[in-house]
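Here's the structure we're looking at; comments come further down.
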Amino acid sequence: MAVGRLRSRVSLSGVLLAAVLAAAGVAEFRLHWVESLLGAYLASTNAERPESGLIWEQGRRTQSALSVVEQLAGDREAQQRRARNAASLGELLALLAPGQAVMLSAEHFRELYQKLPPALAHELLSPFELLRLAGEGRWSRTYLERSSDGLMIYLLEPGNHVLRQFRLSDAPLALAARRSEGVERTLEQIAAFRGRIYPAERFFAALSELGEEERRGVLPQPERLLGVAAQIVRVGLSDEALGGFVELGFEIRTPSGPRVLSLPGQDWAVWRLRARMEGRREAGGPSSPLSPADARGP
Amino acid sequence: MKRSLRLLLQLGLFSAGAAAAAAWVYVFFVLRDLPRVPEPLSRIIETPATEIYAASGERLLVLGGRELVPLHRISPHFLQAVIAVEDHRFWEHRGIDKLRLLKAFWVNLFRRGRLEGASTITQQLAKNLFFTFRRTFERKFREMLVALHIEARFGKSEILEAYVNQIAFGVGALGVEQAARSFFGKSASQLTLAEASLLAGLPKSPTRYNPYRHFERAKQRQRTVLRRMVATGAVTAAEAEEAFRAPLALRPRSRETPASGGYFLDWVMKELEDRYGSDVVHHAGLKVFTTLDARMQAQAEEALTAGLARLDPLLKPPPAAEGESPPRLQVALAAVEVHSGAVRALVGGRDYAESEFNRAVQNNRQPGSGFKPFVYYAAFEKAGLHPASVFVDQRVSIPIPGQPSWTPRNFSGDYEGPMILKRALAQSVNSIAAQLAQRVGTPAIIDAARRCGIKSPLAAVPSIALGTSGVSPLEMASAFATFASGGIRHEPFAIRRVEDSSGRILEERLIGGRRTIDAAIAFQVVDMMRAVIREGTGRAILQLEFRAPAAGKTGTTDDYLDAWFTGFTPTLSASVWVGYDRAAPLRDANGRGLTGGRAAAPLWAEFMKRATEDEPRREFPIPPDIRFVTVVPTTGEPPPPWGGRGMEVALRLGQAPSLIPRQEDPTVAVPPGSGP
């Protein structure tokens, strides 16, 4: 009777459904199948989801920060590498943009210093002073920083204390470059010779009239000129003395055009030569420049 | 009846089905922008750390970076403790603890005033990795989904390892290894049960349970952790009791925590962020080598702490503003190496944890008479005066166009009549400083201060002679170092070198100075400042038995708002400021004001005694064109043959007592009195 009453109230399908739901509920609590299924699904779609959220954001910031540092360190290293290969201070100067700097060993700087023309080197820093600094053993590195008009040079001890600092401006370095390789220009294009340009025959004729000591004074390194394969057409004399030397510019004709090679001459000897070329007896300071007609090149 | 029951059942089933369908739709809606989980999980931990080192080699601070410590290198006590207190069914669930969730739901719904969380370790990991701390239902749901994903993809050990390596414990410690080192000075593998249970309790609220600040609270939390460990069977009750009673050797708040050197590190961080940007500083794993001398920094902190302990009971605290506690006395110190500008110690306040405002760098307080050395330098350089020049200490009135004349008062209230300038500086005579300012003009004084290194704005008013423009202790220490170095100015700096994580140099500091003031005149001022300590307003220095060659100047501002002492040896220059953050006078219980000589000079002496104790005795180098002459302090003339009290002065070539001009015209003006 009671069973019949219950059967009339609850259908079999309802009981089955309730049993299934109960079984599913118990199974979930024991086997965690919903979490597992959902978790497996999420894991399978992981690659398609966005890299968002704190950890990814932090990762991106880390990557970006690392690349900034990589760039900074890389640039610095590349600059150092180029600086190590530089054969002269002029070359080094050309490598650096204003504000950029490189660190060289003391030995490397000494090598570059030795390649400077003696007058310029002396003007920059006395070789005896450099010897003293090297001898004391405190000078370990040299920091060179490009400014808008030259190089600031700092001689450093191991703790980075500056032992000496000095400026090397662009102009004498450009002069040094002319002396070592020459530049593709005419004498008129170089301000230092303007108004003091002579035909080569006249220069050499006057030179041959001088005594041996004077000739050595005008051209302490004649072998540099002998090594030039092209014809020397004109000679320019600077009237600015630097450390007892003045600059002589030799314009040569090359297949690629005119080129000026500079050499230092002792000021007293050059002034005597100039007096002779200009028909004056006494050697002294610079007097009248050549007439424009004389100065015109071939 | 039967029909209505069936209808009800069908309705229920339909509702349940609809709810399930809606839940799935919601799941897929949320899934669209659920974050991707990185693989392997350990990748999230390994970020390079930016490390900041002292000049003496100690690591001062580690920023951001973490290194994964494998589970086998972590004390099992800690792992058991963290599981017991955070998620005791960790090994059983699949990311969500459903029973705990139901319980929390019930408690939160029906028990008012109680909030219970049910986040598992996996959920906490998901939250820490991907989500903000904004509490919303959707965030919680997304966090659960990510937890399910993590559980499905990674093993329990991997999850636990990631969790313990990234949780925050406070005092800047992220991950159990950093925490073990910060709190106990040992590695995570060496943690005892007592230590592990204390640490495991911290992540719930690192600030609230910080054992350095709230030790009792931290102990109570430790007890909770131990009880949970007993409940989970990880330890016996006896072991738990023994661990609770075991003394905890907390590492003193050392240099590795920002509490010590925190002000210096803040300054370094700001400089780094200005140069490289915040992301590079925090995420690129820089190695920063600073100028800080950790030993000297500790000595500075000890000296200031001892000094404050002496001053606090002496002072009558100013009244508190409404609703606030009475202001606490503050202090700042900056110490700079004379021949490089390297900042060796910096303290920006009495307690970094209480106030991060860096009074050593950012403060802008009037230096009072501490400014007078610049006035004397300008007078010697521009007006041809020297330490034996005689001026008359008398009431003076300096006319100021468009304003009432300025009549400075001496600190003592008396006037002593004629005296040489060396004595005037030693005794910090205001009327004579004002006369000098009028003689040379304020532009010359400002120029001298600038050349020495003062960078703060300086008002071009006559009262500048008495230090009425604000400066910082770092500026003062650095500017006085220019005198100490014989006129060579070195910019103060904190960072020597910066490297990337592989040791490639990004920048390095060149240490070079330039001459900004004359060596001989600088020495004359130094010699006069020696007299401040030997027989002037800074006598407290000698009384405290600091006997190394030193020079300095006291400073006290109107109404005792600021007390200063700035001084130097031939190698180290330091400035100490004492005062309240808001304008409140330094007065003792009897209403007597505290001067720089009484409040700041003892702190300076205490610091310098410690900082220079291992240094060989060095004298100030005497420039070749300086000679010493003894004169009568009131006339500037040589003492009579029968004797009498003389004062030795440093004169340059061409200067002689017999050439001393006599200055007697008092038509000058001075502001309300600055003290010694």
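Per chain, numbering begins at 1; letters A, B, ... match sequence-line order.
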Given a strict heavy-atom distance threshold of 4.5 Å, which part of [X] is in contact with chain A: side chain, backbone, both, or neither?
X	value
B:Arg497	neither
B:Leu145	both
B:Glu507	backbone
B:His339	backbone

> What residues of residues 76-87 of chain A sit under 4.5 Å from chain B when only non-hydrogen atoms are counted?
Replying inline: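 A:Arg76, A:Glu77 fall under the 4.5 Å cut-off.
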Engaged part of [X] at the chain B interface, taking heavy atoms whose separation is under 4.5 Å:
X	result
A:Glu70	both
A:Val68	side chain
A:Ala47	backbone

> Once you round to the nearest 0.5 Å, how far does CG of B:Asp279 lie from CZ of A:Arg61?
Replying inline: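 B:Asp279 CG to A:Arg61 CZ: 4.5 Å, rounded to 0.5 Å.
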[X] with [Y]: basic N within carboxylate O range, under 4.0 Å:
X	Y	result
A:Glu111	A:Lys115	no
A:Arg141	A:Glu157	no
B:Arg94	B:Glu151	no

Contact winner vs chain B - [options], heavy-atom pairs under 4.5 Å:
options	result
A:Asn160, A:Asn46, A:Leu156, A:Thr45	A:Asn46
A:Ser67, A:Ala65, A:Gly53	A:Ala65
A:Leu21, A:Leu72, A:Thr62	A:Thr62

> Looking at B:Val280, B:Leu148, B:Leu510, which one has more heavy-atom pairs under 4.5 Å with chain A than the rest?
Replying inline: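 Answer, by heavy-atom pair count under 4.5 Å with chain A: B:Leu510.
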> When heavy-atom pairs shorter than 4.5 Å are enumerated against chain A, which of B:Pro35, B:Ala16, B:Ala152 gives the highest number?
Replying inline: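 Top option by heavy-atom pairs under 4.5 Å: B:Pro35.
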>> Angle between ring planes, A:Trp139 versus A:Phe109, binned at 30° and 60°: parallel, tilted or perpendicular?
In response: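 The rings of A:Trp139 and A:Phe109 stand perpendicular, inter-plane angle above 60°.
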>> Taking the six-membered ring for Trp, are A:Tyr154 and A:Phe166 closer than 6.0 Å centroid to centroid?
In response: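 When the ring centroids of A:Tyr154 and A:Phe166 are compared, they turn out to be at least 6.0 Å apart.
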Minimum-distance pair of heavy atoms, taken over all atoms of [X] and [Y]:
X	Y	answer
A:Arg49	B:Arg36	O-NE, 3.1 Å
B:Phe130	B:Pro38	CZ-CD, 3.7 Å
B:Val62	B:Ala49	CG1-CB, 3.6 Å

>> Check whether B:Phe90 forms a cation-pi arrangement with B:Lys156 (NZ or CZ under 6.0 Å from the six-membered ring centre, at most 45° off the ring normal).
In response: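 Yes - B:Lys156 lies over the ring of B:Phe90, closer than 6.0 Å to its centre and within 45° of its axis.
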> Would you say B:Thr291's side chain and B:Arg344's backbone share a donor-acceptor pair under 3.5 angstrom?
Replying inline: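 No; zero donor-acceptor contacts below 3.5 Å.
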